[in-house]
Number of protein chains: 2
Amino acid sequence: MATRAEVAKLAGVSASTVSYALNGDRSIKEETRKRVLKAVAQLNYRPNFAAGALAGGKSKTLALLSPSGEFGIALIALEYINGASAAARDRGYHLVIWPSQESELAEIQTFAESGMISGVILMEIKFKDERVSYLKKAKVPFAMIGRTEKPGKDSYVDRDFIGATQLGVDYLDSLGHKKIAFLTTERAVGVDTRFSSALLEAASKKKMTARKIQVVNEASSGRDAFIELHKKYPDVTAVVSLNDIATLGFISGANEYGVKIPKDLSLIALDTPKNHIEMSWPPLTTVNLPAFEMGVSASNILINQIEQKENKQNQVLLAGELVVRGTTAKARKQN
Amino acid sequence: MATRAEVAKLAGVSASTVSYALNGDRSIKEETRKRVLKAVAQLNYRPNFAAGALAGGKSKTLALLSPSGEFGIALIALEYINGASAAARDRGYHLVIWPSQESELAEIQTFAESGMISGVILMEIKFKDERVSYLKKAKVPFAMIGRTEKPGKDSYVDRDFIGATQLGVDYLDSLGHKKIAFLTTERAVGVDTRFSSALLEAASKKKMTARKIQVVNEASSGRDAFIELHKKYPDVTAVVSLNDIATLGFISGANEYGVKIPKDLSLIALDTPKNHIEMSWPPLTTVNLPAFEMGVSASNILINQIEQKENKQNQVLLAGELVVRGTTAKARKQN
DNA sequence: GAGTTTTATCGACACGCGTCGACAAGTAGT
DNA sequence: ACTACTTGTCGACGCGTGTCGATAAAACTC
């Protein structure tokens, strides 16, 4: 691998000039910079990560706390990771995966202090998240995928719950559904609460009645939910599910009881990772979750913060889009 | 963060002695080593990653090529990643996630040559995998999760297909099933072929008939498979599925046609990630896949190789275990 | 055109570690 | 007692970069 010195020689400048030409910390004549860049290209020079970290105290390495799976396994995590790592690499950073035990937090801090880790990406954010307060106290830059109850000025990427819910509800409205139900969990993860309230609001805007059915993050619970719905609210014509795993169980339940989706009952799944869509039959109508993009945003926001680009926006909401597949149809005639 | 110099001063030795005491490359008097270790503990000293990489050309960083999802999304990937990163950290290594575009391979090579990456973990291995030949030619140490058709002396961790299949088939046999079918894909990924042949052999040992039904990696295909089975082989009493996504569709199909699982038909899913088990109703009887452990093994094997511990075993097969849940029962009476 | 600021570049050093060569003290072989 | 090794330790150097201070040239200021 070529070194800075070789580039300098080829470009006919000093080593430090190369450095400044690349990092832009001092003014460099445009013509000189061109020459340097040409030499860089010619030699396929890439600054040595380790040397940079040593000299500058900047590791250009982000740590991503891997999901613990405490609330069921976060399948979308993989898409987050891929997005975050792609974006990090685009900006010259590495992404390392960090086991997420609480005990590791102290280690993260020492690594950050020694400059070995520039910042941290968190996922599976709880309403009250001790990791967040720890990192703030330790002054380790971080970005969340998701957000705490009161994120204040903390950096985050999250779903636009209101937008996503509205997409789904409006579509059901356009199909003539007026009595709907929704499945949600109560896990003290922000998702649930935020979706629930957004849904209730969207429904009331459209003058729909919306029944809430509580589930846990398991297929069997979705099946139970179907049964409950079937017995207690037979006039409901459409269901919005806020939990992907329960959704699958719900469909099984409908099959079992001979209720045809979508003829008898429409179903929209919100916040469903791509992976799950392929797993059900008929294919789910969803408001899908831009998981990869969320990872991308998280990295970018974090890097902006590390590089002190404070003018940039550090809180982002992504809405996803409605994808109509096989689980929605016009509302059946009311009896 | 404490540096080597501080440790040396506290222990009353020179800096290089500290180095040798910790890395064990030269003989050090036992008493001196104790003193050094005590000082290390006292100062909470941790060698600086960047400095080590710079000086020694050893980055202690492993790259894991993130899955592309070419053959459906590999949900188990996340467990692999967690296992690999945990094991890496235990041995003082970092695990960075690398986007898996082919174009990135060249970059991996330069990073490896410059010592920034010590080795690579691959997953989603194909029978003929160009990444493998590339890395071999480039002399980059690597370990596979999965294996090529002829792995030769290459390092890998893989499922023990024969063992896993036998567990499943033997259990069906013990329940009295004699006519079975199995669902498999043909994706030129080693999994399919190896499972298929292992299954046929296990079945023939028990004098069962085993019908093969081909599916693709989609729920709808699993549903089609059920229909095919239902029409063509009504005497089959048990099904082994080698594809987790098709499994879910298969169950939907059975529900739809009023065939009760497990009363009318038993179902065992091989090679199913934990995540999926929770997604179906009734809960799947599986031969589960020790995904986390595979990640752990992959890291360990790779690190052994990097550190030239050539005596250690570098090819590992893990069998998983049979977990009986709700989709298996005694064979129904033959008509 | 003398003085002052700005622009563009260079040389030198530090970052923290691995490792090589040197050396003193001990051990073994003759 | 003399050589030939071995053991245990030290000092010095280099890895490739970021960055500070210095300097020369150019651009202003009045």
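Letters A, B, ... mirror the listed sequences (proteins, then strands); counts begin at 1.
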Discussion item. To the nearest 0.5 Å, what is the distance between NZ on A:Lys136 and NZ on A:Lys153?
Written reply: 11.0 Å
Worksheet entry | Nearest-0.5 Å distance, CG of residue A:Leu65 to CD of residue A:Glu124 | 10.0 Å
Practice prompt. Specify the separation, in whole Å, of atom CE of A:Met116 and atom C1' of D:dT17.
Written response: 14 Å
Fill in: Distance (rounded to the nearest 0.5 Å) between A:Gln305 CD and A:Asn300 CG
12.5 Å
Fill in: Option passing salt bridge (charged side-chain N to carboxylate O under 4.0 Å, His left out) with A:Glu307 (candidates A:Lys312, A:Lys58, A:Arg91)
A:Arg91
Fill in: Plane angle bin for A:His94 and B:Trp98 - parallel if under 30°, tilted between 30 and 60°, otherwise perpendicular
tilted
Discussion item. At a heavy-atom distance below 4.0 Å, which nucleotide of DNA chain C is the first touched by chain B, and which is the last?
Written reply: C:dG16 to C:dA22
Worksheet entry | Between B:Ser66 and A:Asn82: side-chain donor-acceptor atoms closer than 3.5 Å | yes
Worksheet item: Whole Å only: how far is the NZ atom of A:Lys29 from the P atom of D:dA24?
Response: 17 Å
Worksheet item: Does the side chain of A:Ile97 reach to within under 4.5 Å of the side chain of B:Ile97, using non-hydrogen atoms?
Response: yes
Item to complete: Please list all pairs passing the side chain to side chain donor-acceptor pair (under 3.5 Å) test where one or both residues lie in residues 43-57 of chain A, with sequence neighbours left out.
Response: A:Arg46-B:Glu107
Fill in: Global bending angle along the helix from C:dG1-D:dC30 to C:dT30-D:dA1, which compares the axes of five pairs at either end, to 10 degrees
30°
Practice prompt. Taking salt bridge (Lys or Arg N to Asp or Glu O under 4.0 Å) as the test, write out the residues that go with B:Lys9, two or more places apart.
Written response: none
Discussion item. Quick check on contacts: within residues 39-49 of chain B, what sits under 4.0 Å from DNA chain C by heavy-atom distance?
Written reply: B:Tyr45, B:Pro47, B:Asn48
Response to the item:
One should read off an interatomic distance between B:Arg4 CZ and B:Thr17 OG1, to the nearest 0.5 angstrom, of 9.5 Å
Worksheet item: For B:Glu31 and B:Lys34, what are the C-alpha separation, side-chain angles and deciding distance, and is it a salt bridge (charged side-chain N to carboxylate O under 4.0 Å, His left out)?
Response: CA-CA 5 Å; B:Glu31 182 221 318; B:Lys34 296 261 190 223; over 6 Å; no
Worksheet item: Between D:dG8 atom P and B:Lys34 atom NZ, what is the distance in whole Å?
Response: 15 Å
Item to complete: Starting from the 5' end of DNA chain D, give me the residue, B:Arg33 or B:Ala51, whose nearest nucleotide shows up first.
Response: B:Arg33
Worksheet item: Does B:Ser27 put a side-chain nitrogen or oxygen below 4.0 Å from OP1 or OP2 of D:dT7?
Response: no
Worksheet item: Can you find a side chain N or O atom of B:Thr32 that sits less than 4.0 Å from OP1 or OP2 on D:dG8?
Response: no
Worksheet entry | Side-chain ion pair, A:Arg147 and A:Asp154, N-O less than 4.0 Å | no
Please produce a list of atom pairs where a protein N or O lies less than 3.5 Å from an N or O of nucleotides 19-23 of chain D.
{"residue": "D:dT19", "atom": "OP2", "partner": "A:Asp25", "partner atom": "OD2", "Å": "3.3"}
{"residue": "D:dC20", "atom": "N4", "partner": "A:Tyr20", "partner atom": "OH", "Å": "2.6"}
{"residue": "D:dG21", "atom": "N7", "partner": "A:Arg26", "partner atom": "NH2", "Å": "3.3"}
{"residue": "D:dG21", "atom": "O6", "partner": "A:Arg26", "partner atom": "NH1", "Å": "2.4"}
{"residue": "D:dG21", "atom": "O6", "partner": "A:Arg26", "partner atom": "NH2", "Å": "3.1"}
{"residue": "D:dA22", "atom": "N6", "partner": "A:Arg26", "partner atom": "NH1", "Å": "3.4"}

Item to complete: Check step by step if side chain to side chain contact (heavy atoms under 4.5 Å, CB included) holds for B:Val96 and A:Thr61.
Response: CA-CA 9 Å; B:Val96 324; A:Thr61 297; 6.0 Å; no
